[in-house]
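For reference, the structure is listed below as structure tokens.
Here is how names work: the chains are called A, B, and so on, in the same order as the sequence lines, proteins then strands, and each is numbered from 1.
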Amino acid sequence: MTPLTALPAPAIPKSRIASLRWIVADAGVLLRRNLVHWTRKPFVLVYSLFWPIMVVLIFGFIFGSAMKVPGGGDYRQFLMPGLFGQTMLFGAVTTLTIVTNDVARGVTDRFRSMPMSSAAVVLGRNFADMFHSAVELFLLVLCGLAIGWRWHHGPAQALAAFGLLLLLRFSLIWVGIYMGLLVPQEAAGAAFIPLYPISLLANTFVSPSQMPVWLRVIAEWNPLSATVGACGRLFGNPGRAGGSWPAHHSLLLAIAWPLLIIVVFMPLSVRRWRNLGG
Amino acid sequence: MSTFALTAELLCKRFGKVNALDGFSLEVPEGTVCGLLGPNGAGKTTAVRVLSTLIRADSGRATVAGFDVSAQAAQVRYRIGLAGQRSTVDEILTGRENLEMWGRLHHLGPRGASERAGQLLEQFGLTEAADRRAGGYSGGMRRRLDLAAAFMLAPAVMFLDEPTTGLDPASRNEVWRSVRALAAGGTTVLLTTQYLEEADQLAHQIAVIARGRVIADDTPERLKSLVGGDRIDLVLRDARSLSVAASLLERIAGTEPEVDGETGRINIPVTDRTAALLEVISALNQAGIEIEDISLRRPTLDEAFLYLTARPQTEETPA
């Protein structure tokens, strides 16, 4: 075999702008990798979309028949913001699974031994996950429209609600990355175990006003309730107007909670990334 | 000072109660292949992870390609390639797409990356399989694809952590050929292995590591002769002649042979390989002792390792 030829290394970027361009370009390469995965393994995407659709049908028609919305109104109108929120929450598992896989397969080690900014890797993850979530949300909206769910306050408020949902998802990417760097690959599947109660102990499927007091307080302060409550109001869907402080200030909390999560988990993730395995 | 591509000076690294590295020192001259040989848990992977900037040592100093691994990690990363124990191959992408992705992450640009991917595929013998999904590759092909990705920028120093563990013999030979090609191109290679034969085949220098420290560091020839060189294994047809055979063999080898009474197996170290083999056969023949099986083999890592760790440590222990 002939010896391998050498190759001059590309110049290290000198200015801030140049290194920022590198970061964005790298993130774009990683996004493309994910898109190729989805097109070649569409089943993964289909499977992740099948779940919320099934839940729409189960809760909308099976449990929904027995549900009463406080203040009156159609349960399916009440349900959809809750399902949007739950889907955003469960998205954290998608992030976590991919991160643990990359660590287990040594892809993360390769990244870390390369002259590549950790910001690029994380940004690539962000691009891909936000794209995935937006598609998921879009299909879920179509599904909701099909079963009679509507927004009543015009497109601007509806868009604001979708923005809040994606903001929650964005903040949870950081939780997913941090947890993904923390737990072993075998534990990734178990991530659903804490997420189920979190998604139910909120205003997603049942109004907290119908819960016992101690549960109600927890459910009302759940960050997911803030986003779901704010979306319910922006869409003009019934049943989440409740008189408690967090329910009253759901719009404020729907912005404050994700920001707090980002402020806590972004530095944690970056530090964990730098010190991985050491 | 930089005739050494890699230096490590008294590196220490603790994980909880375990001293993974405990005064690890090593010097590897430029353009050579160093085999870091040791059993599982000896600290091989930790050494590679410290030297490739993935983790920081608790104490000690190390340089790679002339740069300090902790103070100048970014500089080091421009000059190294790493192929770990786990394959980073993306199974859904084709071999070519895998390399193009790594090329673009190394900022070669779309055209540069695709050109380089073509070169690497050819050099690592993957051109034919280039446009198939890597999920269908054999173990050896995956390893070679991984090596090719690590070699993207033709780094000054390549770290290969157990490059052939888990491969069948044919795949192992393919990987060995690739490592030799890297070395022939002037790349310094640090490879870890559990197999003395592998280090012997590839390395100019073998460092034996135990409990986080290099306990022997020499050329393969000198290290092997230190351990007693090659061995003859033989099994007698009749176990009752074991003691007679053992004393005959002791006269030939000059040392007491190892005798396993249960299996009727005798093992002696020899220096003059084939001459010793002929001598043993004729001596046993004349004494009328029948041989069931006889073979000439290299010392195993177990034997080398037992010998080296049993040896009194003359070097003073670092504080």
Side-chain angles (χ1 to χ4, degrees), chain A residues 1-13 18-19 21-45 98 101-118 120-121 123-124 185 273-278, chain B residues 13 15 46 49-50 52-57 74-90 92-93 97 100-102 104-109 112-113 116 119-120 123-125 133 146 148-155 159 161 177-178 180-187:
Chain A
M1 191 190 253
T2 47
L4 290 153
T5 48
L7 192 77
I12 303 169
S19 35
R21 254 208 309 272
W22 271 35
I23 290 174
V24 174
D26 287 350
V29 172
L30 295 175
L31 170 65
R32 197 160 38 235
R33 169 186 170 216
N34 279 287
L35 295 181
V36 171
H37 280 197
W38 287 330
T39 53
R40 293 193 191 161
K41 282 210 162 169
F43 189 72
V44 177
L45 193 64
I98 295 172
N101 280 341
D102 277 356
V103 171
R105 287 178 44 238
V107 174
T108 307
D109 276 353
R110 168 73 54 78
F111 283 145
R112 290 175 70 239
S113 73
M114 278 169 55
M116 176 175 179
S117 153
S118 54
V121 179
L123 199 65
Q185 191 184 19
W273 168 273
R274 295 225 167 102
N275 301 329
L276 198 65
Chain B
K13 178 73 190 175
F15 293 111
T46 307
R49 291 177 68 83
V50 168
S52 59
T53 77
L54 292 178
I55 56 176
R56 273 164 189 270
Q75 296 290 340
V76 171
R77 287 180 195 140
Y78 274 95
R79 291 166 177 82
I80 61 169
L82 169 69
Q85 285 180 29
R86 297 163 299 190
S87 155
T88 62
V89 167
D90 190 319
I92 299 171
L93 303 182
E97 286 168 337
E100 282 174 354
M101 180 186 83
W102 290 111
R104 299 196 56 171
L105 292 175
H106 278 105
H107 305 278
L108 300 181
R116 183 61 174 167
Q119 290 171 3
L120 289 167
Q123 298 280 15
F124 285 87
R133 286 196 198 176
D146 216 30
F151 197 68
M152 191 55 69
L153 293 184
F159 294 100
D161 195 8
R177 261 201 300 279
S178 295
R180 289 200 188 97
L182 287 178
T187 307

Which one wins on heavy-atom pair count under 4.5 Å against chain A: Val76(B), Thr46(B), Leu93(B), Ile80(B)?
Leu93(B)

Taken to the nearest 0.5 Å, the spacing of Leu105(B) CG from Met152(B) CE works out to 9.0 Å

Given a strict heavy-atom distance threshold of 4.5 Å, which part of Val50(B) is in contact with chain A: side chain, backbone, both, or neither?
neither

Heavy-atom contact with chain A under 4.5 Å, split by part of Ala57(B):
neither

Mind running salt bridge (charged side-chain N to carboxylate O under 4.0 Å, His left out) on Arg40(A) and Asp90(B) for me, showing each step along the way?
CA-CA 12 Å; Arg40(A) 293 193 191 161; Asp90(B) 190 319; over 6 Å; no

For residues Phe43(A) and Trp38(A), determine if any side-chain heavy atom of one lies less than 4.5 Å from a side-chain heavy atom of the other.
no

Side chain, backbone, both or neither: which part of Ala104(A) has a heavy atom under 4.5 Å from chain B?
backbone

Sort out for me which of Pro155(B), Ala150(B), Gly109(B) touches chain A most, counting heavy-atom pairs under 4.5 Å.
Ala150(B)

Salt bridge present between Arg49(B) and Asp161(B) (N-O < 4.0 angstrom)
no

Side chain from CB out, backbone as N, CA, C, O: work out which of these in Arg133(B) comes under 4.5 Å of a heavy atom of chain A, or both, or neither.
side chain

Contact origin within Ser87(B) toward chain A - heavy atom pairs under 4.5 Å:
backbone

Is the backbone of Ile55(B) close enough, under 3.5 Å, to the side chain of Arg112(A) for a donor and an acceptor to pair up by distance?
no

Nearest 0.5 Å, what's the CG-CE distance between Leu153(B) and Met114(A)?
8.0 Å

Contact class of Glu100(B) relative to chain A, heavy atoms under 4.5 angstrom
neither

